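What you see is a predicted model; the values in this text were computed from it and never measured.
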Amino acid sequence: MLLWFDVLEKELELAIVVEVIGIDLGGTAIKLGRFAPDGSCRQSLTVETPQPATPAAVVAVMVDAIAQIDPENQTVAIGVGTPGPTDAAGRIAQVAINLAGWQNVPLADYLEAKTGKPTILANDANCAGLGEAWLGAGRRFQNLILLTLGTGVGGAIILDGKLFVGHQGAAGELGLITLNPDGPMCNSGNQGSLEQYASVTAIRRRTGKEPAELGALAQAGDISALTFWQEYGKDLGIGLSSLIYVLTPQAIIIGGGVSASFEFFLPAVTAEIEKRVIPTSRMGLEILPAELGNSAGMVGAAKLAWQKVN
């Protein structure tokens, strides 16, 4: 026979919502959020990345921030997006761009030791892809790719609703595919990669202007800016054509700072894809702007954490 306080205790237990923590580790800021299973963010926090951003300093700041958004220690897992590649198991930050001394850092082990919570890592572009697939522009699709057009060009591949990272964890470097074999040298060692035509850095080199400036000029009807975005869209469409033939996604999500001018380059992208890709490989394909903005990495890291415990 259950007494009234036993019933109350059981109801209280059922009322406790299990949550996870998603962390987006950047060179200047660390964004954290506490997420419920439906993706609702119960609390978020942004803290400055310590300088120099050594592994020990970053872990200390992360642990303190985790305690702030989870004071009662009720979350069950942690996902972290890092600015660089991780190993296939999601345990080691192999390289972290703009962070001092990051070479094969066992970040998941460090955080688990400090917090007692299962932890998993993925690179920031992959986390952004997971975030868009879960709660953003890709939520209607099981097969999609995300392209982030920023300082560089990153990417993520979602197949059958799951992040594809390849057997060594390094799949999805979509910006490093060859666009022009005689083009500018890339930091990857490739020549004429898509990144050398579609990134913010490439736009500056090609025009001497910032993408936001070119977007504003195009909005005002400037012919040279509109012409540039048409040429940009053609290059991007050529690169995407190769990816479509390999992956035949249902959707391509375009994120990153350059996506603010999506409306100006989309027509040329679409025209180039229709010209180069046979209908059976692009049937039903949708090309969409990302929806989550700067929160995509944090949201995707939370999804990574849910996948860790489910």
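Note: the hydrophobic cluster containing Ile177 does not contain Ile253 (ILVMFWY, side chain heavy atoms under 4.5 Å, direct or indirect links). Clustering ILVMFWY residues whenever any of their side-chain heavy atoms sit less than 4.5 angstrom apart, transitively, puts Ile244 in the very cluster that holds Ile157. When the side chains of ILVMFWY residues are joined at heavy-atom separations under 4.5 Å, either directly or via intervening members, Leu146 and Ile287 end up in two distinct hydrophobic clusters. Note: the hydrophobic cluster containing Leu32 does not contain Leu304 (ILVMFWY, side chain heavy atoms under 4.5 Å, direct or indirect links). Residues Ile30 and Leu111 fall within the same hydrophobic cluster, defined by Ile, Leu, Val, Met, Phe, Trp and Tyr side chains chained together at heavy-atom separations under 4.5 Å.
Looking at every heavy atom in both residues, Ser261 comes nearest to Pro211 through OG-O, 4.1 Å. Pairing each heavy atom of Leu144 with each of Ala133, the nearest pair is CD2-CB, 4.0 Å. Contact between Ala53 and Trp102 at its shortest, heavy atoms only, is O-NE1, 2.7 Å. Contact detail for Leu163 and Ala122: the closest heavy-atom pair is CD2-CB, 4.5 Å. Summarising the geometry of Gly84 relative to Asp124, their closest heavy-atom pair is N-OD1, 4.5 Å, with the distance given to 0.1 Å. The nearest pair of heavy atoms linking Arg276 to Ile238 is NE-CG1, 3.3 Å.
Of the possible polar contacts, none joining the Gln168 side chain to the Gly166 backbone as a donor-acceptor pair under 3.5 Å is found. At least one donor-acceptor pair closer than 3.5 Å links the side chain of Glu112 to the backbone N or O of Thr119. Put simply, the side chain of Thr148 never gets that close to the backbone of Ala125: no donor and acceptor are under 3.5 Å apart. Checked by atom type and distance alone, the side chain of Asp24 never pairs as donor or acceptor with a backbone atom of Gly297 at under 3.5 Å. Counting only distance, with no hydrogens or angles, the side chain of Asn143 and the backbone of Asp160 share a donor-acceptor pair below 3.5 Å. No side-chain donor-acceptor contact under 3.5 Å links Ser281 to the backbone of Tyr245. In this structure, the side chain of Arg140 does not engage the main chain of Ala251 through any donor-acceptor pair within 3.5 Å. Although no hydrogens or angles enter the test, the distance criterion places no donor-acceptor pair under 3.5 Å between the side chain of Glu132 and the main chain of Gly138.
Between Ile223 atom CD1 and Leu217 atom CG the span is 11.5 Å, to the nearest 0.5 Å. With rounding to the nearest 0.5 angstrom, the OH atom of Tyr232 is 4.5 Å from the CD1 atom of Ile203. Taken to the nearest 0.5 Å, the CD atom of Glu19 stands 4.5 Å off from the CZ atom of Arg34. A distance of 9.5 Å separates CZ of Arg206 from OG of Ser199, quoted to the nearest 0.5 Å. Rounding to the nearest 0.5 Å places CD of Glu272 at 14.5 Å from CZ of Phe265. A distance of 7.5 Å separates OG1 of Thr82 from CG of Leu107, quoted to the nearest 0.5 Å.
Side-chain contact between Glu263 and Gln219 is present, with heavy atoms from C-beta onward closer than 4.5 Å. Between Leu147 and Leu236, some side-chain heavy-atom pair lies under the 4.5 Å cut-off. Contact check for Val258 versus Trp229: side-chain heavy atoms found under the 4.5 Å cut-off. Residues Leu99 and Val105 have side chains not in contact (no heavy-atom distance under 4.5 Å, counting atoms from C-beta outward). Side-chain contact between Gln250 and Glu286 is absent, with no heavy-atom pair separated by less than 4.5 Å. Proximity of Leu149 to Val200: side-chain heavy atoms (C-beta onward) are nowhere separated by under 4.5 Å. Taking the side chain as every heavy atom from C-beta outward, Met298 and Phe35 approach each other to under 4.5 Å.
Counting non-hydrogen atoms of other residues, nucleotides and ligands closer than 6.0 Å to CG of Asn98 gives a total of 12 or fewer. The local environment of CD in Gln230 is sparse, with at most 12 non-hydrogen atoms from other residues, nucleotides or ligands closer than 6.0 Å. No more than 12 heavy atoms of other residues, nucleotides or ligands sit less than 6.0 Å from atom CG of Asn294. At most 12 non-hydrogen atoms from other residues, nucleotides or ligands lie less than 6.0 angstrom from CD of Glu48. Remark: Lys308 NZ is packed, more than 12 non-hydrogen atoms of other residues, nucleotides or ligands lying under 6.0 Å away.
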Please list every donor-acceptor pair under 3.5 Å in which a side-chain atom of residues 187-194 meets a protein atom from a residue at least two apart or in another chain.
residue : atom : partner : partner atom : Å
Ser188  : OG   : Asn190  : N            : 3.1
Asn190  : OD1  : Thr178  : OG1          : 3.4
Asn190  : ND2  : Leu176  : O            : 2.9
Asn190  : ND2  : Thr178  : OG1          : 3.1
Gln191  : NE2  : Gly183  : O            : 3.1

Per-pair distances, 0.1 Å, donor-acceptor, side chain in residues 56-68, under 3.5 Å, sequence neighbours excluded:
residue : atom : partner : partner atom : Å
Asp64   : OD2  : Gln68   : NE2          : 3.0

Chi angles and distances behind the side-chain contact (heavy atoms from CB on, under 4.5 Å) call for Val18, Trp306 | CA-CA 10 Å; Val18 178; Trp306 280 121; 3.9 Å; yes
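Residue Ile78 is tested with Ile120, Thr115, Val20, Leu121 for a side chain to side chain contact (heavy atoms under 4.5 Å, CB included); the sole match is Thr115.
Shown here are the salt bridge (Lys or Arg N to Asp or Glu O under 4.0 Å) partners of Glu210, two or more places apart in sequence or in another chain: Arg204.
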